[in-house]
Amino acid sequence: MASRTNQRVLLGFALLCAAALPCADSSRLSAAESTPQPSVAAANFPIASAARLAGDGKQTRFILDLDQTVSFRATTLADPYRVVVDVPQMNFQLAPGTGAGRGLVKAFRYGLVMPGGSRIVFDLTGPAKITNSYVLEAANGQPARLVLELEEVDRAAFVQTPAPENRSELRPTIAAAPPATIPTAPEPAPQKPAAPADGRPVVVIDPGHGGIDNGTQSSGESEKNLVLAFGLALRDRLEKSGKYRVVMTRDDDTFIPLNDRSKIARNLNAALFVSIHADALPKAEGDAQGATIYTLSDKASDAEAQRLADAENRADAIAGFNLAEEPTDVADILIDLTQRETRTFSNRFAHLLMGEMKTTVRMHKHPLKSAGFRVLKAPDVPSVLVEIGYVSNKGDLEHLVSEGWRSKAVGSMAQAIDTFLAKRMATAGASN
């Protein structure tokens, strides 16, 4: 026990030091580190009714039709080359298939990145600069419009492009996060009666993707919606038992950066973190079916696990976040001290979960795998990522949209959580 206590003291000290590191790229939106707040009715948000691209590989223009004028902020990012446009939360009513590329734009996507803020991300064919950007008011029977004009440049000119805060036509619409500082002792406050401590173990459920990041898509179904429905059903099942405090990383269509998902679990000292996904295979890679349970490993268990980890770890880049300057949370040596024990618990839960799920749902031919998923890297929270099925497989997709199948799968997952936490709490109680 003494060594484990020392590990936690060292880990806490390292986290305090990490808080003093400089913030990541200032163009990032500040993402909530707690459960997302409920969304305001969509009818109150500006409506985007149409979007189109014009031009060629030298000059390209983007036009977004709106029902009112909005403020915005545009940023260019490299590696890969992208343009990111931040706007207030918006109700996108664009035609199906909107997002195809033209000219300097390979493709673009759009969606919510945080309560109150939406984002449009353009994947570029190469380096380009924003030559003009503005919003037109409605006039002569035409709607209000957001216009973005791009021009091809070389790498050197791209690097010299002024930062958005130095350009008069690009106004931030959402305040950037304040610099992180080492916490100082607060002023003494009048004592208030303490609320009764909730001693129940915390289970964090993490529906993957969300907002601007749709995840995989097939036959009109998006992974982000399928896994959110599953996660909410699992939350309701666990809460009904009254044994746990259940926290969702997202309970609506909001984008949450990968690091913030694990931070939610760490800040709450969670007993378990379960990330829910639904994979898809490219047609060229054939067909696969069934649920798969992943744990963290420095070396992927197979090529498919590596491919999936690489895809999932790009989630922040998909939403336009610049990951190059993100600081590490803790020194590697301190992570290793705690993570060895945590990985043992994660693997133990993965085996329990496989045993329960195989009695009720179809499992992948190799149901237990491992890879370097960023979302599983909390060093002191047992964590698994569950691919509940393949949206690219017709049979799996029929299950994923079925409430009956979902109920059975949720039931087996809840039973595994019960068994795992009952044993872990009993072991912790005995050691104390």
Side-chain angles (χ1 to χ4, degrees), residues 26-29 42 44-78 80-114 116-154 157-158 160-176 211-212 318-322:
S26 62
S27 67
R28 288 186 49 171
L29 290 179
N44 295 336
F45 299 134
I47 296 173
S49 57
R52 54 201 174 277
L53 289 164
D56 53 29
K58 298 294 183 181
Q59 294 180 320
T60 304
R61 173 181 290 176
F62 170 75
I63 302 171
L64 183 69
D65 291 347
L66 303 166
D67 70 334
Q68 58 185 276
T69 59
V70 297
S71 57
F72 70 97
R73 175 184 178 184
T75 310
T76 54
L77 296 174
Y81 293 109
R82 288 160 291 161
V83 171
V84 175
V85 179
D86 289 325
V87 292
Q89 187 164 343
M90 196 170 280
N91 182 3
F92 289 98
Q93 297 182 2
L94 307 184
T98 298
R102 178 171 178 168
L104 292 166
V105 177
K106 288 194 290 187
F108 67 92
R109 54 193 170 273
Y110 48 87
L112 193 67
V113 289
M114 63 180 292
S118 292
R119 174 170 283 186
I120 308 167
V121 179
F122 301 85
D123 295 319
L124 304 180
T125 58
K129 68 177 181 179
I130 301 169
T131 56
N132 208 357
S133 56
Y134 49 90
V135 172
L136 296 172
E137 295 186 355
N140 302 321
Q142 299 298 315
R145 286 172 174 162
L146 187 157
V147 180
L148 190 73
E149 297 177 353
L150 305 175
E151 181 178 296
E152 182 185 37
V153 296
D154 58 24
F158 179 89
Q160 294 171 7
T161 301
E165 58 269 21
N166 297 329
R167 300 179 57 178
S168 60
E169 78 274 16
L170 305 179
R171 301 298 185 190
T173 145
I174 300 172
I212 193 172
I318 286 172
F321 286 82
N322 186 353

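Here the structure is a predicted model, which means the values were calculated and not measured.
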Residue from Glu149, Glu152, Glu151 passing salt bridge (charged side-chain N to carboxylate O under 4.0 Å, His left out) with Lys58: Glu152

From Phe72 atom CZ to Ile120 atom CD1, the distance as rounded to the nearest 0.5 Å: 10.0 Å

Distance-minimising heavy-atom pair for Leu53 and Thr60: CD2-CG2, 4.1 Å

Least distance between heavy atoms, Pro46 atom then Met90 atom: O-CG, 3.3 Å

Geometric class of the Phe122/Phe108 ring pair [parallel <30°, tilted 30-60°, perpendicular >60°]: tilted

Shortest non-hydrogen contact from Lys106 toward Thr125: CG-CG2, 3.4 Å

side-chain hydrogen bond (donor to acceptor under 3.5 Å, both in side chains) pairs, two or more places apart, involving residues 137-146: Asp65-Arg145, Gln142-Arg145

Any side-chain heavy-atom pair of Asp123 and Arg109 under 4.5 Å: yes

Backbone of Val87 reached by a side-chain donor or acceptor of Arg119 within 3.5 Å: no

Nearest heavy atoms of Val70 and Pro88, plus distance in Å: CB-CD, 4.2 Å

Derivation of the side chain to side chain contact (heavy atoms under 4.5 Å, CB included) call for Leu77 and Val84: CA-CA 8 Å; Leu77 296 174; Val84 175; 3.9 Å; yes

Gap between atom CG of Leu66 and atom CG of Asn91 - 0.5 Å precision: 11.5 Å

Rounded distance [0.5 Å steps], OG1 in Thr76 versus CZ in Arg82: 10.5 Å

Exercise: identify the closest heavy-atom pair between Ala51 and Leu64: CB-CD1, 3.8 Å

Sub-4.5 Å side-chain heavy-atom contact between Asn132 and Val147: no

Inter-residue atom distance Leu150.CG - Phe62.CZ, 0.5 Å rounding: 10.0 Å

Straight-line distance of Lys129 NZ to Leu124 CG, nearest 0.5 Å: 14.0 Å

Nearest-0.5 Å distance, CZ of residue Arg73 to CG of residue Asp86: 6.5 Å

Heavy-atom pair with the smallest gap, counting every atom of Gly111 and Phe92: N-CE1, 3.8 Å

Pair Ile130-Val83, side chain to side chain contact (heavy atoms under 4.5 Å, CB included): steps then yes or no: CA-CA 8 Å; Ile130 301 169; Val83 171; 4.2 Å; yes

